[in-house]
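Hydrogens, waters and symmetry mates play no part in the numbers below; they use all other heavy atoms, side chains included.
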Amino acid sequence: MPKNSKVTQREQSQEHVTESVADLLAHEETLDYKNSSLNVGGVAGKKVPQIEVPEDDGRPAWNSKLQYILAQVGFSVGLGNVWRFPYLCQKNGGGAYLVPYSILLLLIGIPLFFLELAVGQKIRRGSIGVWNYVCPSLGGIGVSSLMVCGFVGLYYNVIIGWSIFYFFQSFQYPLPWSECPIRRNGTLAIVEPECDKSSATTYFWYRQTLNITSTIAESGGLNVKMTMSLLVAWIIVCLAVIRGIASSGKVMYFSSLFPYVVLFCFLVRGLMLKGSVDGIAHMFTPKLEKMLEPQVWREAATQVFFALGLGFGGVIAFSSYNKIDNNCHFDAVLVSFINFLTSILATLVVFAVLGFKANIMNEKCVVENAEKILGYLNSNVLSHDLIPPHVNFSHLSTSDYAEMYGVIKTVKEGGFAQLGLEPCLLEDELNKSVQGTGLAFIAFTEAMTHFPASPFWSVMFFFMLINLGLGSMIGTMTGITTPVLDAYKVQKELFTVCCCIVAFFLGLLFVQRSGNYFVTMFDDYSAGLPLTVVVILENVSVAWIYGTKRFMQDLEDMLGFRPCIIYFYLWKYVSPLCLIVLISATVIEMAISPPGYNAWVQELAQERFESYPPWALAMCFALVIVAMLPLPVVYIARHFNLMSDGSNKLSVSYRKTMMKDISNLEEQDESRFILGAKPGEAPSSAAARGGFLTPGSTKTLDTNSLSPNICYGTSYQNAAISPTTPTTPATPITPITPITPATPESDS
């Protein structure tokens with residue numbers, strides 16, 4: 001606010017301010033509340049003096065820039081970086097996959113991440129408050145974002161619970177998943193059939209950990225071990241977020257940095273293992289033809305989208321605790337590249353270890369098939385003349401076996417299939433795609449059983465998963481609590497505890513014996529499509545309704561410099577187009593892919609695809625509909641004036657700053673302060689406000705800062721005085737000249 005205004009001159013006054021003034025000021029522009037550097041009556045291209053923003057406005061703030069960056073990194077870098085990105089890289093062309101991923105990171109990832117950081121920092125509210133201010137008609141964006149956070153948080157913490165269970169199980173030697181259990185029947189001891197048909201790690205995951213049922217329809221009751229693990233997980237999350245950023249910020253110092261320590265340790269240890277180079281070479285060998293497949297680009301876009309946590313509200317919530325002049329552009333680029341490099345690091349670690357595992361499994365295959373060949377030689381099924389003279393069965397190498405296999409296959413062409421011999425190719429082992437829980441709780445755990453000091457590495461690995469999950473859960477919970485605490489006067493600690501208690505009881509759905517199937521369902525349907533719709537509406541509301549030019553000017557006022565012009569075109573055209581294509585591809589994928597899940601069949605000891613029963617299918621579509629329902633509901637309700645536009649529900653920080661600014665106004669000057677610069681003077685028109693130049697043009701445009709009513713084409717200037725506003729009869733008020741309402745900017 002200008003330094004020579006009445007507000008500043010009378011700052012120390014203690015006079016009472018009537019409720020009507022506060023009501024009118026609810027429609028005041030956000031930047032005026034924050035005393036930020038708005039170009040009032042300025043000239044285009046002229047440097048605007050920066051006005052100091054009040055530090056103590058009642059809103060919590062980060063203790064340091066490092067704490068904030070670690071919080072954003074902890075939220076964006078999660079379990080998907082460790083078990084999703086390596087799988088996609090392997091599946092979609094190895095090193096060639098990095099090309100579409102990098103391009104889409106630059107086109108949609110960084111610009112949209114920057115956008116969320118900027119609006120959160122500018123308006124200093126959570127997701128609901130931010131989108132109510134930018135465009136009240138689309139205020140449902142924030143509600144949908146909050147609901148998706150709730151859905152994801154319910155099942156995401158279950159994964160942390162699984163990691164906690166494995167963490168405590170790792171304090172044993174040998175590891176409990178290193179060998180199949182022995183079933184004893186009197187004097188007879190046999191290997192557990194389910195384990196013998198699969199593997200020790202697979203058996204431990206499906207039977208000892210999940211004790212899973214064969215279908216989603218069979219509940220099987222609660223799994224007590226997983227229920228206790230889930231309880232511990234929610235206690236940890238609750239303690240981490242109970243005091244907001246005051247507690248979660250300190251937790252982030254450890255939970256964000258510790259995973260990098262573990263990843264570097266695993267990388268060094270992995271590179272010392274036999275076969276690690278084979279895994280890394282296989283990983284990054286580019287298959288350029290894959291880049292021409294649309295599916296590769298769709299999956300790359302989806303991974304970019306979710307890797308940065310766009311649309312969840314956590315990014316906006318974290319940035320809302322920043323100073324108004326923080327360089328959020330630098331933060332967006334830094335966090336995005338840290339996220340990308342973390343994915344590369346995790347991929348190196350995963351495939352170094354899986355390369356070692358592939359060599360172990362390949363050698364095991366060679367030994368087993370060599371024993372078969374010896375049996376055929378001893379029973380004269382095969383002639384000794386088929387065995388090359390240099391082959392030594394006691395020290396049989398993979399190359400010797402491959403040569404012997406080729407000779408036998410050529411000579412015994414007709415009856416070769418009856419021999420049951422396998423080729424034992426390392427490439428086949430490396431091509432086995434594993435992702436998600438299959439990678440973390442089966443493939444990786446199996447590889448660690450072959451490590452020297454395997455319990456130590458197992459403890460480190462699952463402690464890393466706990467911290468990765470905790471960082472993401474803190475961001476998810478902040479995306480839930482911050483908007484609610486901004487809008488309603490509730491006790492932070494009590495509300496957080498209640499959220500955690502309710503979430504724990506709702507999460508019991510996922511710790512039944514069939515719970516893993518519901519985790520898969522929520523992962524597939526609760527976030528994907530709804531979040532994509534949320535983010536494209538965020539993009540549209542800022543770029544097309546509020547106006548990209550206005551937003552660029554707001555950024556210049558906030559940052560002290562004008563962002564690169566490329567952002568104008570990315571926000572305006574490129575990002576919306578990419579998101580529309582992504583939504584279309586997602587809907588098509590959901591339509592052509594039969595909805596179902598991979599069920600574990602105990603008798604066969606393997607997974608089998610099963611279609612969802614009708615009630616489960618209805619549940620899948622309900623997740624999508626419920627998550628997106630606030631969007632049309634809020635739009636219709638506000639279009640027909642059935643609910644408040646939400647702009648008058650100022651956060652605590654706004655209220656304090658507002659009341660400080662107007663606390664000394666005299667009653668007879670109240671309406672004049674709102675409607676005119678001086679008593680009896682009408683306000684200047686919107687056209688007199690500071691202008692700026694459009695990209696590639698010299699035309700000066702009218703500007704409005706982030707205003708709560710920009711969607712409706714109204715502003716506080718044309719708000720009527722409340723009938724209950726007391727006025728001083730002795731001082732007549734000069735009639736107010738009508739002001740032309742502000743309209744949404746056209747960028748054409």
Any idea which heavy atoms bring [X] and [Y] closest together, and the distance?
{"X": "Ser319", "Y": "Leu117", "answer": "OG-O, 3.3 Å"}
{"X": "Ser248", "Y": "Ile245", "answer": "OG-CA, 3.2 Å"}
{"X": "Ser336", "Y": "Ala332", "answer": "OG-O, 2.7 Å"}
{"X": "Ser127", "Y": "Pro483", "answer": "OG-CG, 3.4 Å"}
{"X": "Ser320", "Y": "Arg59", "answer": "OG-NH2, 2.8 Å"}
{"X": "Pro111", "Y": "Leu105", "answer": "CD-O, 4.1 Å"}

Fill in: Enclosure of Phe254 CZ (heavy-atom neighbours >12, cutoff 6.0 Å)
yes
Fill in: Tyr253 atom OH, neighbour heavy-atom count above 12 within 6.0 Å
yes
Any side-chain heavy-atom pair of [X] and [Y] under 4.5 Å:
{"X": "Leu104", "Y": "Phe305", "answer": "no"}
{"X": "Met473", "Y": "Ile160", "answer": "yes"}
{"X": "Tyr133", "Y": "Lys122", "answer": "no"}
{"X": "Arg562", "Y": "Tyr567", "answer": "no"}
{"X": "Val333", "Y": "Ile110", "answer": "yes"}
{"X": "Leu631", "Y": "Leu138", "answer": "no"}
{"X": "Tyr155", "Y": "Ser526", "answer": "yes"}
{"X": "Ile235", "Y": "Leu239", "answer": "yes"}

Determine yes or no for a side-chain-to-main-chain donor-acceptor pair under 3.5 angstrom, with [X] supplying the side chain and [Y] the backbone.
{"X": "Trp62", "Y": "Phe318", "answer": "yes"}
{"X": "Glu116", "Y": "Gly311", "answer": "yes"}
{"X": "Thr548", "Y": "Ala543", "answer": "yes"}
{"X": "Asn81", "Y": "Gly78", "answer": "yes"}
{"X": "Trp544", "Y": "Lys572", "answer": "yes"}
{"X": "Ser144", "Y": "Ile141", "answer": "no"}

Worksheet item: Aromatic rings Phe522 and Phe151: how do their planes relate, parallel, tilted or perpendicular, breaks at 30° and 60°?
Response: perpendicular
Practice prompt. Classify the ring geometry between Phe114 and Trp571 as parallel (under 30°), tilted (30 to 60°) or perpendicular (over 60°).
Written response: tilted
Can you tell me how far [atom2] of [Y] sits from [atom1] of [X], rounded to the nearest 0.5 angstrom?
{"X": "Ser541", "Y": "Phe551", "atom1": "OG", "atom2": "CZ", "result": "9.5 Å"}
{"X": "Ser64", "Y": "Ile69", "atom1": "OG", "atom2": "CD1", "result": "9.5 Å"}
{"X": "Phe312", "Y": "Phe306", "atom1": "CZ", "atom2": "CZ", "result": "6.0 Å"}
{"X": "Leu310", "Y": "Ile108", "atom1": "CG", "atom2": "CD1", "result": "8.0 Å"}
{"X": "Leu308", "Y": "Phe113", "atom1": "CG", "atom2": "CZ", "result": "6.0 Å"}
{"X": "Ile583", "Y": "Cys578", "atom1": "CD1", "atom2": "SG", "result": "11.5 Å"}

Fill in: Full working for side-chain contact (heavy atoms from CB on, under 4.5 Å) between Asn322 and Cys328
CA-CA 9 Å; Asn322 268 330; Cys328 55; 5.9 Å; no
Item to complete: I would like to know whether Val484 and Leu146 meet side-chain contact (heavy atoms from CB on, under 4.5 Å); could you show each step before the answer?
Response: CA-CA 9 Å; Val484 176; Leu146 186 147; 3.9 Å; yes
Worksheet item: Should the pair Asp486-Arg124 be classified as a salt bridge under the 4.0 Å nitrogen-to-oxygen rule?
Response: no
Worksheet item: Step by step, would you call His639 with Ile636 a side-chain contact (heavy atoms from CB on, under 4.5 Å)?
Response: CA-CA 5 Å; His639 182 76; Ile636 293 171; 5.6 Å; no
Item to complete: Let me see the working for Thr532 and Ile536 under side-chain contact (heavy atoms from CB on, under 4.5 Å), right down to the final yes or no.
Response: CA-CA 6 Å; Thr532 312; Ile536 193 172; 5.9 Å; no
Worksheet item: When you look at Gln121 and Asn326, which way does the side chain to side chain donor-acceptor pair (under 3.5 Å) test go after all the steps?
Response: CA-CA 8 Å; Gln121 180 175 307; Asn326 174 63; 3.1 Å; yes
